[in-house]
Amino acid sequence: VRCELALSDRQRMQGLMFRDFLPQGEGMLFIFPKPMQQSFWMKNTLIGLDVIFLSSNGKILKIYHNAKPESLEIMSAGENVSAVLEINGNLAKTIKLEIGDCVKHAFFEYNNENESCNFKD
């Protein structure tokens, strides 16, 4: 998946709001300055998304499949996360992502957590 990065507070607050299209195979990776509890919602988000919460080494902690556009439901991993990946709704099921799989990105390569990850080919 090719991702835009949301690195600043402003970019993270804006996210994918007000967009009416996300090309297949693209998404947004929200990177946080330190691991912490994060909550997301779909207010002003016009497209269905899979919202994937990640540990500091890229391990998938929680997946919300096909979150409903404009929903005010709060989504959280229930634990500290270092990043959140948003992709097209149902893509996570299509590519068979599961809790415990890991996302590969340069951001995660420098974190020295000793967690085991399931990498998909």
Side-chain angles (χ1 to χ4, degrees):
V1 174
R2 190 181 123 172
C3 291
E4 293 178 54
L5 297 179
L7 301 171
S8 70
D9 288 340
R10 183 176 182 175
Q11 290 169 325
R12 288 188 293 266
M13 285 191 314
Q14 176 71 33
L16 293 171
M17 290 192 312
F18 303 110
R19 296 189 193 186
D20 57 8
F21 179 73
L22 180 65
Q24 283 296 325
E26 294 190 15
M28 182 170 280
L29 182 61
F30 297 75
I31 295 176
F32 301 100
K34 63 180 182 176
M36 61 180 67
Q37 291 270 340
Q38 295 294 334
S39 297
F40 277 54
W41 65 358
M42 296 289 287
K43 183 177 181 179
N44 299 319
T45 305
L46 308 175
I47 51 180
L49 298 171
D50 289 344
V51 182
I52 304 166
F53 291 81
L54 305 165
S55 72
S56 61
N57 72 336
K59 185 175 182 178
I60 297 174
L61 302 172
K62 177 81 175 173
I63 303 172
Y64 287 85
H65 296 280
N66 204 26
K68 182 180 175 185
E70 303 206 56
S71 171
L72 300 181
E73 176 189 353
I74 301 298
M75 297 175 282
S76 174
E79 59 186 293
N80 290 345
V81 299
S82 290
V84 174
L85 175 62
E86 291 183 343
I87 56 177
N88 280 303
N90 291 318
L91 181 57
K93 285 183 180 177
T94 300
I95 61 176
K96 299 180 180 172
L97 287 181
E98 299 173 358
I99 304 300
D101 289 346
C102 279
V103 171
K104 291 182 184 180
H105 186 275
F107 170 72
F108 303 117
E109 291 176 15
Y110 300 102
N111 294 310
N112 293 321
E113 276 191 32
N114 292 322
E115 291 184 61
S116 60
C117 282
N118 304 322
F119 286 104
K120 302 268 185 186
D121 291 331

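These numbers come from the heavy atoms of this one structure, side chains and all, not from hydrogens, waters or symmetry mates.
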Suppose we screen for side chain to side chain donor-acceptor pair (under 3.5 Å). Which residues come up paired with [X], at least two apart in sequence or across chains?
X     : result
Ser39 : none
Glu4  : Arg19
Glu26 : none
Asp9  : Arg12

To the nearest 0.5 Å, tell me how far [X] [atom1] sits from [Y] [atom2].
X     : Y     : atom1 : atom2 : result
Leu46 : Leu22 : CG    : CG    : 12.0 Å
Leu97 : Asp50 : CG    : CG    : 8.5 Å
Glu86 : Leu91 : CD    : CG    : 13.0 Å
Leu54 : Leu85 : CG    : CG    : 6.0 Å
Leu16 : Asn88 : CG    : CG    : 9.0 Å
Ile99 : Ile63 : CD1   : CD1   : 4.5 Å

- Task: Could you note down all residue pairs passing ring-ring contact (aromatic ring centres under 6.0 Å, His included) where residues 31-50 supplies at least one of them, sequence neighbours left out?
- Result: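 Found Phe30-Phe40, Phe40-Phe53.
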- Task: Give the minimum heavy-atom separation between Ile52 and Ala92, together with the two atoms involved.
- Result: CD1-CB, 4.4 Å
- Item | Where at least one partner belongs to residues 62-75, residue pairs that pass side chain to side chain donor-acceptor pair (under 3.5 Å), sequence neighbours excluded | none
- Task: Show the numbers, then the answer: is there a side-chain contact (heavy atoms from CB on, under 4.5 Å) between Cys102 and Lys59?
- Result: CA-CA 4 Å; Cys102 279; Lys59 185 175 182 178; 3.8 Å; yes
- Whichever hydrophobic residues join Met17 through chains of side-chain contacts under 4.5 Å: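 Direct or chained contacts put Met17 with Phe18.
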- Report the hydrophobic cluster partners of Phe21, with the cluster defined as I, L, V, M, F, W, Y residues connected by side-chain heavy atoms closer than 4.5 angstrom, directly or transitively.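 Besides Phe21, the cluster holds no residue at all.
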- Under 3.5 Å, side chain of Asn57 to main-chain N/O of Phe108, donor-acceptor pair present?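 Looks like no, no N/O pair under 3.5 Å.
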- Item | Test side-chain contact (heavy atoms from CB on, under 4.5 Å) applied to Met36 - qualifying residues, sequence neighbours left out |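 Checked Met36 against side-chain contact (heavy atoms from CB on, under 4.5 Å); matches are Lys34, Gln38.
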- For Leu5, which residues count as a side-chain contact (heavy atoms from CB on, under 4.5 Å) partner, sequence neighbours excluded?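 side-chain contact (heavy atoms from CB on, under 4.5 Å) check on Leu5 returns Leu7, Leu29, Ile31, His105.
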- Query: Between Met75 and Met42, is any pair of side-chain heavy atoms under 4.5 Å apart?
  - Reply: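 Of all side-chain heavy-atom pairs linking Met42 with Met75, at least one is under 4.5 Å.
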- Residues Ile60, Glu98; criterion side-chain contact (heavy atoms from CB on, under 4.5 Å); working and verdict: CA-CA 7 Å; Ile60 297 174; Glu98 299 173 358; over 6 Å; no
